[in-house]
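Comments concern the structure below.
All ligand and atom numbering here is 1-based and tracks the order in the structure.
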Amino acid sequence: DNALHENESYTERLLDDFQDALDKHQFTVYYQPKFDIRPETPALSSAEALVRWVHPELGFISPDKFIPLFEENGLIQQLDLYVWRETAAQIREWKNRLGTSVPGSVNVSRIDMYEPRLIETLLELLREYDLTADELLLEITESAYTQDSAQIVSKVNHLREQGFRIEMDDFGTGYSSLNMISALPIDALKLDMTFIRNAFKDGGDTRLIEVIIDIAEYLDVPVIAEVVETREQLKELQRMGCDYFQGFFYSKPVPGDGFLTYVRDTNMR
Ligand code: C2E
Ligand code: CA
Ligand code: CA
């Protein structure tokens with residue numbers, strides 16, 4: 001009972017503090033590099049934007065604690081827009097400083113997909129920071145497609161017509177039918193992290209990963225693996241035909257400030 005109660009008041013606290021936190025910039029965006037592993041030497045391809053809440057009293061709060069909560073309580077759209085804007089500003093800043101473009105990928109909650117002005121909002125952001133649509137990749141979780149597929153598919157089609165690239169996140173857990181998958185408008189598949197975890201634990205095997213890589217080949221889209229933690233895992237994924245990876249083996253998500261120096265100076269150990 002006590003634990004339940006504590007949990008409830010923690011939840012209420014997060015909801016109560018949200019608006020103030022947003023105004024006071026307590027949310028920070030970290031970036032995790034993604035690499036193209038098709039060439040001999042892996043090449044930086046983009047950076048995933050991942051939000052953190054640095055709460056003045058509760059400390060560092062991980063997104064797993066508040067994203068599902070904000071999705072239930074109608075706050076996620078405000079937070080996501082904040083993260084997308086921060087990310088767009090960061091891409092612009094890297095571009096100005098380096099002269100080369102490092103695309104960012106942002107998480108788009110299934111709730112955002114129902115926002116009638118979603119496409120206009122994203123296009124305005126591009127204009128504001130003078131970016132092109134292929135510099136802001138959109139990660140949409142597979143389960144968003146299964147809940148109201150017709151509406152989501154048409155939204156995604158419109159986004160792609162505007163030049164946005166869609167990465168289907170957490171692929172393999174959203175229970176899309178195989179029939180539906182072949183009709184989906186997507187540009188990349190991100191393997192759900194449980195496949196990687198299960199494959200590389202004791203007694204695990206990589207057969208399901210191979211099945212998904214086959215599906216991606218059939219769909220003619222690249223496969224991205226996340227939560228890759230060791231060189232052995234990376235080698236194995238490469239051997240199976242995985243195209244991109246991100247994970248602690250190379251880097252945790254880091255603040256945008258030092259990101260490029262950090263990526264440049266960190267070798268594939
Ligand atoms: P996700 O989109 O599947 O992101 C991948 C998660 O795996 C991130 O957790 C990342 O920090 C973690 N990760 C990456 N590599 C490794 C690794 O090698 N080992 C381990 N153990 N973990 C690794 P994070 O940052 O805690 O985010 C959790 C989830 O919260 C994300 O899962 C995403 O669904 C959601 N999220 C994060 N930021 C945002 C956001 O700005 N908007 C929305 N709507 N959702 C977000
Ligand atoms: Ca993601
Ligand atoms: Ca994921």
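Residue S105 does not count as close to the Ca ion (ligand 2), with no N, O or S atom under 3.0 Å. None of the N, O or S atoms belonging to D170 lies under 3.0 Å away from the Ca ion (ligand 2). Note on D192: not counted as a metal contact of the Ca ion (ligand 3), no N/O/S atom lying under 3.0 Å.
Closest protein heavy atom to atom 46 (C) of ligand 1: I67 CD1, 3.7 Å. Counting only heavy atoms of the protein, atom 22 (N) of ligand 1 lies nearest to F248 CZ, 3.4 Å. At the shortest separation from atom 27 (O) of ligand 1 among protein heavy atoms lies P63 CG, 3.3 Å. Protein heavy atom closest to atom 3 (O) of ligand 1, with residue, atom name and distance, is E226 OE2, 3.2 Å. Atom 12 (C) of ligand 1 has V227 CG1, 4.5 Å as its closest protein atom, hydrogens excluded (heavy atom only). Annotation: atom 43 (C) of ligand 1 to nearest protein heavy atom, D80 OD1, 3.4 Å. For atom 1 (P) of ligand 1, the closest heavy atom belonging to the protein is D169 OD2, 4.2 Å. Atom 39 (C) of ligand 1 has as its closest protein heavy atom V51 CG1, 3.8 Å.
In this structure, S45 contributes its side chain and K34 its backbone to a donor-acceptor pair below 3.5 Å. Using a distance-only test at 3.5 Å, with no hydrogens or angles considered, a donor-acceptor pair links the side chain of D112 to the main chain of S109.
When non-hydrogen atoms are compared, ligand 1 lies under 4.0 Å from the side chain of D170 (C-beta onward) but not from its backbone.
Between I140, D64, L79, L50, it is D64 that holds the heavy atom closest to atom 29 (C) of ligand 1. When the options R52, E139, M193 are ranked by their closest heavy atom to atom 6 (C) of ligand 1, first place goes to M193.
Of the N and O atoms on the side chains of S105 and E48, not one donor lies less than 3.5 Å from an acceptor on the other residue. Between E135 and T132, the side chains place a donor N or O and an acceptor N or O closer than 3.5 Å (distance only, hydrogens not considered). T100 and K95 are not linked by any side-chain donor-acceptor pair at a separation below 3.5 angstrom, with hydrogens and angles left out of the test. Neither side chain, D17 nor Q26, offers a donor N or O lying under 3.5 Å from an acceptor on the other. A donor and an acceptor atom, one from each side chain of E236 and Q233, are nowhere located under 3.5 Å apart. Neither side chain, Q19 nor K24, offers a donor N or O lying under 3.5 Å from an acceptor on the other. In the model, Y244 has a side-chain atom that pairs as donor or acceptor with a side-chain atom of R38 under 3.5 Å.
Those atoms of ligand 1 that come under 4.0 Å of a heavy atom in E229, given as number and element, are 17 (C), 18 (O), 19 (N), 20 (C), 21 (N). The ligand atoms of ligand 1 that sit less than 4.0 angstrom from a heavy atom of V83 are 41 (O). For ligand 1, the atoms closer than 4.0 angstrom to any heavy atom of G247 are 15 (N), 18 (O). Within the listing of ligand 1, atoms 18 (O) sit less than 4.0 angstrom from a heavy atom of V228. Atoms of ligand 1 lying under 4.0 Å from at least one heavy atom of Q32, given by number and element, are 14 (C), 15 (N).
Not a single heavy atom of Q246 sits less than 4.0 Å from an atom of ligand 1. Using 4.0 Å as the threshold, E48 has a heavy atom nearer than that to some atom of ligand 1. Note on ligand 1: P253 sits in its first shell, one or more heavy atoms being nearer than 4.0 Å. At least one heavy atom of R197 sits less than 4.0 Å from an atom of ligand 1.
In this structure, the ring of H25 has its center less than 6.0 angstrom from the ring center of Y82.
With the Ca ion (ligand 2) as the vertex, OE1 (E139) and OE2 (E48) define an angle of 80°, rounded to 10°. The angle E226:OE2 - the Ca ion (ligand 3) - D169:OD1 amounts to 120°, with values rounded to 10 degrees.
Between F66 and the choices W53, F18, Y10, the ring-ring contact (aromatic ring centres under 6.0 Å, His included) rule is met once, by W53.
Protein non-hydrogen atoms do reach within 4.0 Å of atom 24 (P) of ligand 1. Put simply, atom 32 (O) of ligand 1 has no protein non-hydrogen atoms near it, under 4.0 Å away. Atom 18 (O) of ligand 1 is approached by the protein to below 4.0 angstrom, counting heavy atoms only.
A cation-pi arrangement, defined by a distance under 6.0 Å to the six-membered ring centre and an angle within 45 degrees of its axis, is absent between R92 and Y129.
Considering both main-chain and side-chain atoms, E71 never comes within under 3.5 Å of ligand 1 through any nitrogen or oxygen pair. The shortest N/O to N/O separation between N107 and ligand 1 falls below 3.5 Å.
Nearest heavy-atom pair, I196 versus L191, reported as atom, atom and distance to 0.1 Å: CD1-CD1, 3.8 Å.
Between atom CG of residue D169 and atom CD of residue E167 there is a gap of 8.5 Å, rounded to the nearest 0.5 Å. The OG1 atom of T230 sits 11.0 Å away from the NZ atom of K235 when rounded to the nearest 0.5 Å.
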- Task: Give the intermediate values and the outcome of side-chain hydrogen bond (donor to acceptor under 3.5 Å, both in side chains) for residues Q32 and Q246.
- Result: CA-CA 7 Å; Q32 187 177 38; Q246 66 189 96; 2.7 Å; yes
- Given L219 and S182, is the side-chain contact (heavy atoms from CB on, under 4.5 Å) satisfied, shown in steps? CA-CA 6 Å; L219 298 176; S182 57; 4.2 Å; yes
